[in-house]
Amino acid sequence: MELIEEENNVIREMEFVNTQCLKKLLMISTNGSLHIHAIRLITRELGLPDDFKDSIILKCPNDFRMVDNEIFELVSRDESLASAEIEKWREKEYTEKWLSEFETRYAFQIQFPTGYKIEKGFREKLRNWQRLPYLKPYEKPASIRVRSCGGVARFEKRAVGILHELLSLTVEKMIDVERITHFRKDFGMEINVRELLLKHPGIFYISTKGNTQTLFLREAYSKGNLIEPNPVYVVRRKILDLLLLGRRCSRGLRLERSEQLQRRAGIEAREGPRDGDWVIPILDDIESEAVGGDTSNEDDDESLYDLHEEIGGDSVGDVGDDCEDNDAYFTSISDAAHCIISEKNFAI
């Protein structure tokens with residue numbers, strides 16, 4: 001359990017960063033307030049402590065104020081935080097690649113998956129969309145008019161900007177699509193989120209592993225790995241690697257056992273039954289009982305890997321630049337580690 005304690009310590013040390021994260025989310029909201037329940041749903045994605053209400057919100061009365069038991073708001077805006085993460089990339093494109101401000105001011109980083117088919121006329125449409133002005137996430141949305149000329153496209157592009165910033169604030173640059181719906185009203189995104197995401201495969205990637213849909217920020221990953229890992233991600237990665245190591249060892253033992261049984265079956269097929277063969281099943285049962293009575297530990301290791309795959313361990317070799325490695329994968333590291341440990345009482 002040392003790694004779990006290490007993760008908790010890292011989260012506590014990042015109190016200032018977590019405070020800024022909540023302030024930025026409140027600044028994105030249309031009225032400067034959010035529901036505690038919505039934040040609680042993505043606590044692990046944001047890297048917040050489980051008691052964030054007491055340890056951050058109530059602890060910082062100069063920054064946050066409780067409207068009621070389930071809604072909190074921002075006391076005053078901090079304009080130094082009113083800059084989206086995408087602005088760093090735009091500035092880099094403008095200064096290092098000598099692109100014009102017209103080309104970069106409202107553009108997004110586009111990385112299409114390997115083998116993506118570009119239809120005729122698509123490049124021109126994409127170029128026009130990249131140049132289309134929109135109201136950025138931290139700007140007041142009072143001037144949005146959906147029915148005006150280009151209003152729908154501008155409204156959708158603002159939603160893309162908000163989702164991009166939300167993903168940038170998470171630990172693993174990923175979030176459950178279903179949980180985004182809890183922010184639609186507060187962020188002013190009264191649109192079909194799934195349809196919007198499917199329109200922009202060069203910005204977002206949706207993993208459909210299992211029964212959930214997980215949204216990833218494509219530009220944040222390369223060959224299945226986070227390009228700029230943060231301290232919380234590093235610790236969670238250690239936990240996941242440890243769990244997968246146990247699963248690989250268990251798989252190796254099962255494979256060796258299977259090969260032994262196959263060799264034994266081949267010998268019996270060639271030589272026929274021999275005196276004393278009836279003793280073998282009894283000895284196998286005795287050996288199994290001597291080792292531990294049943295194969296519960298092996299089943300636990302299997303369930304660890306199954307849960308890891310079920311929560312989003314999808315093989316996505318087309319995410320990121322030149323991501324063609326078949327072994328690359330994404331996963332919700334935090335959910336894998338903590339769900340498994342809490343349910344199976346797995347000793348780390």
Side-chain angles (χ1 to χ4, degrees), residues 28 82-170 173-175 177 180 184 187-207 213 215-223 226-228 316-324 330:
I28 294 175
S83 178
E85 188 68 21
I86 189 63
E87 297 297 339
K88 297 179 181 179
W89 174 81
R90 291 169 179 168
E91 182 179 358
K92 184 177 180 181
E93 292 289 296
Y94 177 73
T95 56
E96 296 184 5
K97 295 187 178 181
W98 295 83
L99 298 178
S100 65
E101 183 180 3
F102 177 69
E103 296 289 342
T104 60
R105 186 176 181 181
Y106 300 104
F108 286 86
Q109 187 172 355
I110 305 295
Q111 296 179 354
F112 289 112
T114 303
Y116 183 79
K117 185 179 180 181
I118 298 179
E119 299 178 354
K120 183 179 180 181
F122 177 78
R123 294 183 185 275
E124 184 65 24
K125 292 181 181 179
L126 178 61
R127 187 179 296 110
N128 293 334
W129 185 86
Q130 289 279 60
R131 296 171 178 174
L132 180 68
Y134 71 100
L135 202 62
K136 298 181 180 181
Y138 296 105
E139 296 177 354
K140 294 183 179 180
S143 60
I144 293 181
R145 294 182 179 179
V146 178
R147 297 182 181 276
S148 62
C149 180
V152 174
R154 295 170 190 264
F155 186 79
E156 290 185 350
K157 192 169 184 179
R158 170 178 167 80
V160 170
I162 291 175
L163 292 174
H164 186 285
E165 183 66 6
L166 177 61
L167 287 170
S168 298
L169 293 175
T170 61
K173 314 308 176 190
M174 53 77 66
I175 193 172
V177 175
I180 297 177
R184 288 175 65 246
F187 286 168
M189 300 188 302
E190 298 296 331
I191 56 176
N192 189 314
V193 175
R194 289 181 176 84
E195 288 185 3
L196 178 68
L197 297 174
L198 294 175
K199 289 181 180 180
H200 302 281
I203 302 176
F204 306 111
Y205 170 81
I206 301 179
S207 170
Q213 292 183 335
L215 178 65
F216 291 89
L217 186 59
R218 189 178 290 275
E219 68 194 54
Y221 283 85
S222 177
K223 296 187 182 299
L226 199 62
I227 297 176
E228 298 180 358
V316 284
D318 58 356
V319 177
D321 295 329
D322 300 327
C323 186
E324 298 177 356
F330 287 122

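Residues L198 and I206 are in side-chain contact: their nearest non-hydrogen atoms beyond the backbone lie under 4.5 Å apart. Contact of the L163 side chain with the L197 side chain is registered, since non-hydrogen atoms from C-beta on lie closer than 4.5 Å. A heavy-atom distance below 4.5 Å is found between the side chains of S207 and F216. Under the 4.5 Å side-chain criterion, counting only non-hydrogen atoms from C-beta, L196 is not in contact with M189.
When all heavy atoms of I162 and P137 are compared, the pair lying nearest together is N-CG, 4.0 Å. R218 and G202 get closest at one heavy-atom pair: CD-O, 3.8 Å. Shown here for I191 and A159, the closest heavy-atom pair between the two residues is CD1-CB, 3.5 Å. Nearest heavy-atom pair across R194 and Q213 is NE-OE1, 2.9 Å. Between A153 and L132, the closest heavy-atom pair is CB-CD2, 3.6 Å. Across every non-hydrogen atom of A220 and K173, the tightest pair is CB-CG, 3.5 Å.
At least one donor-acceptor pair closer than 3.5 Å links the side chain of K157 to the backbone N or O of Q130. R131 places no side-chain N or O within 3.5 Å of a backbone atom of F102 that could act as its donor or acceptor partner. Distance alone, capped at 3.5 Å, places no donor-acceptor pair between the K136 side chain and the A84 backbone. Side-chain atoms of E165 come within 3.5 Å of backbone atoms of E85 as a donor-acceptor pair (strictly under, hydrogens ignored).
Atom-to-atom distance recorded for Y106:OH and E101:CD is 8.5 Å, nearest 0.5 angstrom. Going from atom CG of L215 over to atom CG of L167 covers 4.5 Å, rounded to the nearest 0.5 Å. Interatomic distance, CD1 of I203 versus CD of Q109, reported as 9.5 Å (0.5 Å rounding). Expressed to the nearest 0.5 Å, how far CD of E228 lies from OH of Y221 amounts to 12.5 Å. One distance of note links NZ of K92 with OG1 of T104; it measures 14.0 Å at 0.5 Å rounding. One distance of note links CG of L126 with NE2 of H200; it measures 9.5 Å at 0.5 Å rounding.
Under the ring pair (Phe, Tyr, Trp, His ring centres under 6.0 Å) criterion, Y116 pairs with F112, sequence neighbours left out. Partners of F108 according to the ring pair (Phe, Tyr, Trp, His ring centres under 6.0 Å) rule, which considers only residues two or more places apart in sequence or in another chain, are W129, Y134, H164. Residues passing the ring pair (Phe, Tyr, Trp, His ring centres under 6.0 Å) test with F187, sequence neighbours excluded: F183.
The existence of a salt bridge linking R90 and E87 is confirmed by a sub-4.0 Å separation between a basic side-chain nitrogen and an acidic carboxylate oxygen. R127 and E124 are joined by a salt bridge, as a carboxylate oxygen and a charged side-chain nitrogen come within less than 4.0 angstrom of each other.
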